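Note sheet for the following structure.
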Amino acid sequence: MCGIFAYLNYNAPRERRYILGVLLNGLRRLEYRGYDSSGIAVDGDLPAASAPAPYAGAAPLVYRQEGKIENLVRSVYSEIDEKDVSLDSAFNVHAGIAHTRWATHGVPHPRNSHPQSSGPGDEFLVVHNGIITNYEVLKETLIRHGFTFESDTDTEVIPKLAKFVFDQAHDGEGDVTFSQVVNEVMRQLEGAYALIFKSPHYPNELIACKRGSTLILGVNELSDQNSGKSFHDVKALTTNGKPKELFFSSDLCAIVEHTKNYLAIEDNEIVHIKDGSVSILKFDQDKEKPASVQRALSVLEMEVEQIKKGSYDHFMQKEIHEQPHSLTTTMRGRLKDGGVLLGGLKEHLKTIRRSRRVVFIGCGTSYNAALAARTFLEELSGIPVTMEVASDLLDRQGPIYRDDTAVFVSQSGETADTLLALDYALENGALCVGITNTVGSSLSRKTHCGIHINAGCEIGVASTKAYTSQIVVMAMMALAIGSDQISSQARREAIISGLSSLPRYASEVLKLDSEMKELASSLIDSESLLVFGRGYNYATALEGALKVKEVALMHSEGMLAGEMKHGPLALVDENLPIIVIATRDACFSKQKSVIQQLLSRKGRLIVMCSKGDASVVSPSGSCRLIEVPEVADCLQPVINIIPLQLLAYHLTVLRGFNVDQPRNLAKSVTTQ
């Protein structure tokens with residue numbers, strides 16, 4: 001995926017230096033979404049009155065660069081010096097756009113970076129997050145009309161299509177507004193996208209539209225008189241002509257330092273900023289003119305400190321250590337009077353209880369979190385629970401029935417495969433439940449009901465605190481669904497008590513940090529790592545191995561311990577490190593047997609066990625041990641994953657790799 005950002009100041013004079021700073025800092029906040037290349041576009045200076053002007057506004061200054069944001073920063077200021085562009089020029093009104101890229105079409109290179117242009121003169125510029133699925137057909141059509149293409153991207157068809165629409169209107173000696181141009185462009189596009197347009201034909205205007213990808217509008221009124229009006233209609237609030245700053249962003253984390261007043265733009269909405277006023281139009285494929293809609297601003301419940309590292313060296317490190325707090329936040333207000341209150345599910349619990357089955361659907365870490373919760377949900381509800389990787393469900397066109405409950409798990413709420421699987425389940429009539437960390441995401445809007453995990457902003461690409469919060473949310477969901485079962489009342493009460501104590505135990509297990517660093521140093525030269533788990537902790541094995549794979553760039557595999565004898569045992573020798581998760585649960589005796597079998601083949605074992613079980617799991621003392629606090633069996637995966645997260649983190653640092661931006665990955669995958 002990519003990150004897109006825009007900044008428009010109205011009746012608020014800003015120097016070019018300040019504008020560049022806002023745009024570049026916005027990209028820094030979004031860099032976790034992609035860091036292959038980046039670019040920005042701002043206004044140049046207006047030509048002298050005597051000079052012929054090809055359009056109404058100043059010619060844009062476009063800067064694009066391969067690599068991370070700091071490469072772009074150096075390139076921008078170097079080019080500004082070379083061309084003697086004044087950083088002190090002030091603009092009463094100015095519109096700038098910016099983009100950070102995760103490559104999908106075309107290698108990382110300045111020509112493939114955004115903003116993409118309509119051609120000479122940069123009459124239309126576009127930044128884009130998503131995929132245009134019919135770009136090849138559009139490209140062929142535009143080539144026939146005389147357009148030439150410079151990049152390998154799917155995005156380049158968009159500004160060229162905008163210029164084509166604009167030219168066609170003017171050839172007919174008619175006038176066309178910016179919103180009419182974008183409306184016609186949307187009519188031709190297929191796929192999932194969020195777009196921001198800038199054009200010197202429409203100076204000091206910005207237009208954004210979306211279909212599938214997240215896009216946020218932020219409004220900062222530079223006047224105290226409007227305090228307390230956060231929930232007013234956005235158009236009514238912005239037509240007063242008062243000084244203001246307006247932002248578009250792929251994520252709330254890029255606007256929180258500027259404003260807390262925001263609007264989550266919905267699919268097929270066109271948001272037009274002109275003369276400091278925000279107009280929202282609803283695109284309809286069957287109608288020539290879009291209808292005007294009214295939307296209210298919301299108040300962002302996020303603090304600037306959440307998007308800063310603070311005293312930590314990396315965001316992943318910070319987010320691992322935030323888990324006692326994030327778990328508390330996830331449960332806040334939801335454990336009441338010895339029961340669980342989930343407002344997002346309340347009206348649908350009876351329907352879920354009557355389901356023929358519950359289907360968990362997710363990808364990567366979110367799939368692993370659902371797998372950790374599956375057994376407990378089956379136990380408390382008595383409903384069969386099946387697991388589906390979203391992409392595989394789509395490939396197989398697996399059966400989804402009207403009396404199924406499909407639970408979609410996604411940290412970002414924008415994962416492409418998960419959203420396509422959601423569309424598939426909706427078409428088949430299933431009740432669709434969403435579990436996500438992102439308010440206003442596509443997942444939260446498209447599902448019938450759902451639960452926000454409230455883990456807080458997670459910036460490190462490898463998910464940590466969102467994973468543990470997802471497990472806790474699904475445990476609470478199981479408790480809510482099974483609350484009508486008298487036979488399981490004692491079990492439910494014990495789990496609810498265990499949930500309340502979970503943040504304290506998370507704090508305790510974080511004290512293993514230095515021990516995990518020492519373990520990481522002993523594994524630094526290893527080429528592979530195996531992690532064996534079973535029962536509740538099969539998911540822990542998968543997730544722990546995934547973390548090592550993601551950030552430490554080390555081959556690692558999570559395996560079901562019951563399958564050890566069916567092939568993986570052939571890999572065991574004195575050099576291959578193997579982690580066995582053997583904390584106290586129904587599978588404990590079986591895991592002790594696994595340990596003995598591995599030791600008899602001279603395996604290099606690292607055993608995770610409950611405190612006090614060291615002599616039980618390793619009577620000879622030949623295993624390296626990781627002792628963790630014992631909690632309720634269904635909550636143990638929340639505690640057990642934390643040492644493995646710490647191990648992955650320290651392995652990455654010691655091996656000299658980028659912790660927060662691992663090679664080839666991005667935070668959320670918005671492409672198939």
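If you're wondering where the values come from, they're calculated on a predicted model, not measured in any experiment.
In this structure, OG on Ser250 lies 4.5 Å from CD1 on Ile4, to the nearest 0.5 angstrom. Between the CZ atom of Phe408 and the CG atom of Leu422 there is a distance of 5.0 Å, given to the nearest 0.5 Å. Within the model, atoms CG of Leu443 and CG of Leu419 stand 6.0 Å from one another, a figure rounded to the nearest 0.5 Å. Rounding to the nearest 0.5 angstrom, the gap separating the CD1 atom in Ile207 from the CE atom in Met186 is 11.0 Å. Atom CG of Leu125 is separated from atom NE2 of His99 by 12.5 Å, given to the nearest 0.5 angstrom.
Between the side chain of Gln188 and the backbone N or O of Val185, no donor-acceptor pair lies under 3.5 Å. A donor-acceptor contact shorter than 3.5 Å is absent between the side chain of Lys198 and the backbone of Val126. Listed for the Asp154 side chain is a donor-acceptor partner under 3.5 Å among the backbone atoms of Ile132. Ser151 places no side-chain N or O within 3.5 Å of a backbone atom of Asn112 that could act as its donor or acceptor partner. Without hydrogens or angle criteria, Thr436 side chain to Ser410 main chain gives a donor-acceptor distance under 3.5 Å. In this structure, the side chain of Asn428 does not engage the main chain of Ala430 through any donor-acceptor pair within 3.5 Å.
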Test salt bridge (Lys or Arg N to Asp or Glu O under 4.0 Å) on Asp45 and Arg16 and set out the steps. CA-CA 10 Å; Asp45 295 318; Arg16 184 177 282 121; 3.0 Å; yes
List the steps, then state whether side-chain hydrogen bond (donor to acceptor under 3.5 Å, both in side chains) holds for Ser113 with Ser37. CA-CA 6 Å; Ser113 304; Ser37 53; 3.3 Å; yes
Give the intermediate values and the outcome of salt bridge (Lys or Arg N to Asp or Glu O under 4.0 Å) for residues Arg187 and Glu184. CA-CA 5 Å; Arg187 198 179 302 281; Glu184 287 307 307; 3.4 Å; yes
Derivation of the salt bridge (Lys or Arg N to Asp or Glu O under 4.0 Å) call for Glu150 and Arg111: CA-CA 7 Å; Glu150 298 175 4; Arg111 74 171 185 275; over 6 Å; no
Go through the steps for Thr438 and Glu414 under the test side-chain hydrogen bond (donor to acceptor under 3.5 Å, both in side chains), then give the verdict. CA-CA 9 Å; Thr438 310; Glu414 301 296 338; over 6 Å; no
Please test Glu245 against Tyr7 for side-chain hydrogen bond (donor to acceptor under 3.5 Å, both in side chains), starting from the C-alpha separation and ending with a verdict. CA-CA 7 Å; Glu245 296 177 310; Tyr7 168 62; 2.6 Å; yes
Go through it in stages, so that I can follow the logic: the residues are Lys210 and Asp267, the test is salt bridge (Lys or Arg N to Asp or Glu O under 4.0 Å), and I'd like the CA-CA distance, side-chain angles, deciding distance and then a yes or no. CA-CA 5 Å; Lys210 72 173 289 279; Asp267 280 355; 2.5 Å; yes
Going through the checks in order, is the side-chain hydrogen bond (donor to acceptor under 3.5 Å, both in side chains) test met by Ser199 and Glu205? CA-CA 8 Å; Ser199 172; Glu205 296 182 38; over 6 Å; no
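Between Val433 and the choices Ile361, Thr405, Thr447, the side-chain contact (heavy atoms from CB on, under 4.5 Å) rule is met once, by Thr405.
Annotation: Phe164 is in aromatic contact with His145 [ring centroid separation under 6.0 Å].
Under the 6.0 Å distance and 45° angle rule, Lys274 does not count as a cation-pi partner of Phe178. A cation-pi contact, defined as under 6.0 Å to the ring centre and within 45° of the axis, is absent between Lys160 and Phe124.
For Ala254 against Gly26, the heavy-atom pair with the smallest separation is CB-O, 4.0 Å. Here the closest non-hydrogen pair linking Val271 and Ile280 is CG2-CG1, 4.3 Å.
Salt bridge present: Glu15 and Arg17 bring a charged side-chain N and a carboxylate O closer than 4.0 Å. A salt bridge between Asp423 and Lys446 is present, with a side-chain N of the basic residue lying under 4.0 Å from a carboxylate O of the acidic one.
Summarising the local packing, CZ of Arg402 is surrounded by 12 or fewer heavy atoms from other residues, nucleotides or ligands at distances under 6.0 Å. Within 6.0 Å of NZ in Lys289 there are 12 or fewer heavy atoms belonging to other residues, nucleotides or ligands. Counting heavy-atom neighbours within 6.0 Å of Glu288 CD, excluding the residue itself, gives a total of 12 or less.
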